[in-house]
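Chain naming here is simple, since letters A, B, ... match the order of the sequence lines and numbering starts at 1 in each. Note that the coordinates shown come from a computational prediction; the quantities given were computed from them, not determined experimentally.
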2 protein chains.
Amino acid sequence: MSKPAPSVRELIREHYSALTQSERKFANSLLENYPAAGLASITIVAANAEVSTPTVARMVQKLGFKGYPQFHQALLKELEAQVSGPTQRRENWASEAPEGHLLNRFAQAVTDNLGQTFSNLDYEQFDMAVRQLANTEGRLYVVGGRITRALADYAFTHFQAIRQRVTHMTSSSATWPHYVLDMEAGDTLLMFDVRRYETNLQRLAELAAERGVKIILITDQWASPITSVAQHTFNCWVEIPSAWDSNISTMMLLEAMIAATQEEGWDETRERYERLDELFDMTRLFRKFS
Amino acid sequence: MSKPAPSVRELIREHYSALTQSERKFANSLLENYPAAGLASITIVAANAEVSTPTVARMVQKLGFKGYPQFHQALLKELEAQVSGPTQRRENWASEAPEGHLLNRFAQAVTDNLGQTFSNLDYEQFDMAVRQLANTEGRLYVVGGRITRALADYAFTHFQAIRQRVTHMTSSSATWPHYVLDMEAGDTLLMFDVRRYETNLQRLAELAAERGVKIILITDQWASPITSVAQHTFNCWVEIPSAWDSNISTMMLLEAMIAATQEEGWDETRERYERLDELFDMTRLFRKFS
DNA sequence: CAGCGCGTGAAAACATTTTTCCAAACCGCA
DNA sequence: TGCGGTTTGGAAAAATGTTTTCACGCGCTG
């Protein structure tokens with residue numbers, strides 16, 4: 001063969017859009033546990049993925065194999081090539097990219113950041129902050145800086161779905177005084193401030209604190225000065241080999257908070273969530289999967 | 001099992017003295033090309049070693065297997081263990097939180113997602129997409145859906161910093177036709193579409209594709225239908241134990257793209273970047289660390 | 001050199017796997 | 001709600017793989 005045969009993984013990617021729902025179910029099962037989930041007989045493999053044998057048979061044909069045995073052989077070849085291959089895959093999330101490829105350097109940095117962030121996370125603080133976020137007696141204000149505005153937006157979109165009384169303070173600091181005017185003791189202010197800490201944000205934090213607002217601050221490993229007026233501060237590791245900072249760990253923390261908040265107030269908010277879900281269902285074109 | 005199962009290699013050595021001539025012939029053939037020479041069907045394996053099928057069948061029974069299929073399975077297991085062994089060792093980001101704490105469950109899910117996303121990433125596609133993103137001859141349009149709007153915003157903020165001619169198509173789809181009007185062949189459209197794929201986005205993609213715009217699609221593991229008109233599609237794993245989907249891996253991919261784009265066109269954009277940096281410096285209050 | 005026993009593989013019998021076919025379920029759509 | 005196309009899995013048919021049987025050949029032994 002002149003071309004290097006594409007891996008089964010690649011074949012799945014390539015044909016994924018042409019696969020039916022059950023076929024995807026199998027594809028996912030295979031990708032999740034690759035390639036082990038494809039090494040047994042078609043009967044067993046199908047049973048593991050909870051689809052029927054014909055489904056698997058049809059799918060491997062879609063991938064371009066003449067039949068299941070061919071597919072099976074292809075997987076074996078890959079496995080074997082990997083074992084006898086030049087270097088044992090590196091322990092991390094090496095993509096197939098070459099050693100020094102940006103993707104791999106990047107993956108390394110992200111791993112480190114997430115690891116650091118997690119191990120420096122005080123889960124009791126986390127739980128308290130979550131309780132605060134789930135408390136719907138006060139309003140919840142969300143605000144971010146130049147870069148973190150997107151995160152604040154993301155937070156807003158989700159919190160809005162799971163609780164009432166949420167406000168996104170737009171990035172134009174000119175409008176902030178209006179919001180502050182309405183803040184009351186018992187309200188919560190979720191702030192994002194990573195380096196180039198912004199003066200405006202600090203002023204806002206001070207004003208809010210004076211009014212008795214509880215501040216939850218998500219910042220970087222060097223900690224924004226807002227820390228001093230915040231109830232709860234969370235530090236996220238953000239360094240990557242680049243001129244700017246990564247917000248993946250920030251995002252991770254945020255999502256964890258959203259998930260926890262939702263779990264916290266699930267009984268009360270479930271109905272709300274389902275109603276919203278239905279509203280979207282009414283306009284959607286494509287079905288959500290199982 | 002209490003004892004670690006002995007490898008087939010060991011079994012052969014152990015029983016070697018009890019093997020007949022033809023059986024040894026097969027044993028040697030297997031050891032010479034281990035374990036590949038034992039992975040096919042008994043018929044083929046026997047033919048390769050130039051012995052008869054019964055010989056192989058008898059021998060594997062001598063080794064202690066009930067039949068050829070069991071022997072075959074054992075070889076597979078070994079192979080698989082070899083491959084997944086060192087790789088599988090996942091970093092444990094466990095915070096100090098208790099075992100079943102949401103933080104730990106969440107960390108687990110995120111690890112899996114990032115791992116999956118990375119290993120399914122086609123780095124050649126990635127490089128091509130990056131080259132497209134770095135190409136400033138055409139405009140770069142960025143757009144997202146209901147949830148991914150925040151990501152599109154994040155992308156916009158960064159791309160705007162590193163290159164010229166970037167447009168963020170606001171989330172209100174009513175304004176999209178105006179943008180499409182101005183699109184030209186050679187332009188690039190960076191789209192985010194994760195499930196509950198949105199009809200509007202698909203229409204937009206189709207219109208843009210018709211005008212010769214290159215589409216880079218960032219979607220989830222189930223692939224938005226936009227795939228069919230996109231130049232480059234990237235799948236991000238998004239499942240977490242929650243009613244909604246995680247966008248951490250999406251964010252990771254996005255950041256990797258931004259980093260790569262910046263690296264790609266660094267010489268041309270460095271000056272631009274520094275100038276912007278200075279502008280921010282002029283208004284900031286707190287010093288950037290290190 | 002006849003007789004015995006073991007090793008071997010052809011071929012038959014058997015078991016399993018794979019494929020094909022088809023009817024039922026499902027889905028989007030009018 | 002009913003229609004038309006697609007998807008799905010049960011079951012039978014076909015193919016393939018595995019095991020067993022058995023007869024032949026070889027070499028050793030008395």
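When rounded to the nearest whole Å, the span between CD of B:Gln73 and P of C:dT17 equals 10 Å. The distance from atom CZ of B:Phe26 to atom P of D:dT18 is 11 Å, rounded to the nearest whole Å. The separation between B:Ile42 atom CD1 and D:dT20 atom C1' is 12 Å, rounded to whole Å. As a whole-Å value, the separation of B:Glu50 CD from C:dG9 C1' is 14 Å. Between A:Leu39 atom CG and C:dT17 atom P the separation is 15 Å, expressed in whole Å. Rounded to an integer number of Å, the gap from CZ of B:Arg58 to P of D:dT18 is 16 Å.
Between B:Asp112 and B:Gln116, the side chains place no donor N or O within less than 3.5 Å of an acceptor N or O (distance only, hydrogens not considered).
In this structure, B:Tyr179 and B:Tyr141 have perpendicular ring planes: the angle between them is above 60°, well past the 30° mark.
In this structure, CG in A:Leu151 is found 8.5 Å from CG in B:Leu151, a value given to the nearest 0.5 Å. Between the OG1 atom of B:Thr188 and the CZ atom of B:Arg139 there is a distance of 11.0 Å, given to the nearest 0.5 Å.
Comparing atom distances between the A:Ser41 side chain and each of C:dT17, C:dG9, D:dT19 picks out C:dT17 as nearest. The side chain of A:Gln21 lies closest to D:dT8, out of D:dA11, D:dT8, D:dT19. Closest to the B:Thr53 side chain, of the nucleotides D:dT19, D:dA11, C:dG9, is D:dT19. Each of D:dT19, D:dT8, C:dG9 was ranked by its minimum atom distance to the side chain of A:Thr20; first place goes to D:dT8.
When heavy atoms are screened at a 4.0 angstrom cut-off, A:Thr43 is found touching base atoms of the nucleic acid.
Two residues are said to be in side-chain contact when any heavy atoms from C-beta on lie closer than 4.5 Å; A:Gln73 and A:Lys77 fail this criterion. A heavy-atom distance below 4.5 Å is found between the side chains of B:Ser119 and A:Arg9.
Within residues 59-70 of chain A, the residues having any heavy atom under 4.0 Å from DNA chain C are, by residue number, A:Gln61, A:Gly67, A:Tyr68, A:Pro69.
Of the candidates B:Phe192, B:Tyr197, B:Trp237, B:Tyr197 is the only one forming a side chain to side chain contact (heavy atoms under 4.5 Å, CB included) with B:Asp220.
Residue A:Ser22 places at least one side-chain N or O under 4.0 Å from the OP1 or OP2 atom of D:dT8. Between B:Thr55 and C:dG9 there is a side-chain polar atom (N or O) within less than 4.0 angstrom of OP1 or OP2.
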